[in-house]
There are 2 protein chains.
Amino acid sequence: MESKNALSKLSALAQENRLAVFRLLVRAGHDGLPAGEIAAALDVPPNTLSAQLNILSNANLIEGKRQGRSIIYTANYDAISGLIVFLMEDCCQGREEVCSPVMAAAQSACC
Amino acid sequence: MESKNALSKLSALAQENRLAVFRLLVRAGHDGLPAGEIAAALDVPPNTLSAQLNILSNANLIEGKRQGRSIIYTANYDAISGLIVFLMEDCCQGREEVCSPVMAAAQSACC
DNA sequence: TCCATATTTCCACGATACTGGAAATATGGA
DNA sequence: TCCATATTTCCAGTATCGTGGAAATATGGA
């Protein structure tokens, strides 16, 4: 990932509501959630949310697909792991201090 | 890491100059770099840089220590790995799609 | 003490971001 | 066709951010 790409992902996530949206969608899994439900869950007006979904979507962190009247948003797992890898490789080159806590967390969290 | 903490780190890094400062300091290693050299390397006026160093420092991503007339800044490796772990654990709970690319990168990059 | 160097603080300007009302668009059903 | 629902686009107001000039502070050396 080039750093420009990483920058757009970082700034998309660097906002309370958008980070919350992303976390919600990650938890929602591959089925995703319609925009309206996200707005309700976060208690944000639908047009405000729409702007934020757009920013996350432009950063490629989420994707929206129309399904009937709703638009279902899903998290893009590749994108977030790409960002994490960018941070790791950018920081980790020979830097065991950064890398090994991440490895440890990965092992206990999932792998 | 609480998400508020993560948010301040994300927004500190979500800016071109500041991301560049951080990368530079990571590469500089434990010896760090004086503010003036950072400013010269990035071609940013010293007072502008100072504001950006302050933001990174408030997010705990870097630390400055006076040494003679200079102030030497170093990257805080714990902080960045904390952020990475936050992103991983926040995304990774049972999500092998996110976790395994990160593990693979970690293994080839450093561990 | 006086001066040069290194950096920060103060302050104000311009740019960008966040927000939400109102209107527009898209879909599905009666 | 008409209406309700779901979401977006348009637009403008406010707030926050990034920037850099000028002055202030801190340090070390002559």
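A, B, ... follow the sequence lines: proteins, then strands. Residue 1 opens every chain.
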Does dA6(D) have OP1 or OP2 sitting under 4.0 Å from an N or O in the side chain of Tyr73(A)?
no

What is the base-pairing partner of dT19(D), counting Watson-Crick and G-U wobble geometry with both distances under 3.5 Å?
dA12(C)

Answer yes or no: is there a side-chain heavy-atom contact under 4.5 Å between Ile80(A) and Phe22(A)?
yes

Is there a side-chain contact between Arg18(A) and the phosphate of dA17(C), meaning an N or O under 4.0 Å from OP1 or OP2?
no

Leu56(A) CG to dC18(C) P, in whole Å, measures 10 Å

Atom-pair distance (CG on Leu7(B); P on dA17(C)), nearest Å:
16 Å

Spacing between Glu37(A) atom CD and dA6(D) atom P, to the nearest angstrom
10 Å

Using side-chain heavy atoms (C-beta onward) and a distance below 4.5 Å, is Leu61(A) in contact with Leu25(A)?
no

In this structure, how many angstroms lie between the P atom of dT19(C) and the CG atom of Leu42(A), rounded?
11 Å

As its Watson-Crick or G-U partner within any shown strand, both distances under 3.5 Å, dA17(C) has dT14(D)

By nearest heavy atom, map Arg69(B) and Ala14(A) onto DNA chain C; which one lands nearer the 5' end?
Arg69(B)

Out of dT8(C), dT19(C), dT19(D), which nucleotide sits closest to the side chain of Asn17(A)?
dT19(C)

Can you see if the side chain of Gln52(A) gets near the phosphate of dT8(D) - specifically, an N or O under 4.0 Å from OP1 or OP2?
no

Would you say dG28(D) has OP1 or OP2 under 4.0 Å from some side-chain N or O of Gln67(B)?
no

Closest non-hydrogen atom pair between Asn76(A) and Asn60(A), with its separation
ND2-O, 2.9 Å

Round to a whole Å and report the spacing from CG of Leu53(A) to P of dT7(D).
10 Å

For Leu49(B) and dT9(C), what is the distance between atoms CG and P respectively, to the nearest whole Å?
13 Å

Any Ser70(B) side-chain nitrogen or oxygen under 4.0 Å from OP1 or OP2 of dT7(C):
yes

Just to be sure I understand the rule, does Pro45(A) reach a base, reach only the sugar-phosphate, or reach nothing, if contact means heavy atoms closer than 4.0 Å?
sugar-phosphate

When rounded to whole Å, the CG to P distance for the pair Asn54(B) and dC10(C) reads 11 Å

Pick the closest DNA chain C nucleotide for Ala51(A) and for Arg66(A) by heavy atoms, then say which residue is nearer the 5' end.
Ala51(A)

So, for Leu7(B) and Gln15(A), which heavy atoms are closest and what is the spacing to 0.1 Å?
CD1-N, 3.6 Å

Using Watson-Crick geometry (N1-N3 plus N6-O4 or O6-N4) or G-U wobble (N1-O2, O6-N3), each under 3.5 Å, dA23(C) is paired with dT8(D)

Using whole Å, what does the distance between atom C1' of nucleotide dT7(D) and atom CG of Leu33(A) come to?
15 Å

For dC11(D) and Asn47(A) - does any side-chain N or O of the residue sit under 4.0 Å from the phosphate oxygens OP1/OP2?
no

Within the pair Thr48(A) and dT19(C), is there a side-chain N or O less than 4.0 Å away from OP1 or OP2?
no

Who pairs with dG29(C) - Watson-Crick or G-U, where each distance is under 3.5 Å
dC2(D)

Over all heavy atoms of both residues, which pair between Met88(A) and Val102(A) is shortest? Give the atoms and the distance, please.
SD-CG1, 3.3 Å

Leu42(B) and Ala20(B) have their tightest heavy-atom pair at CD2-CB, 4.0 Å

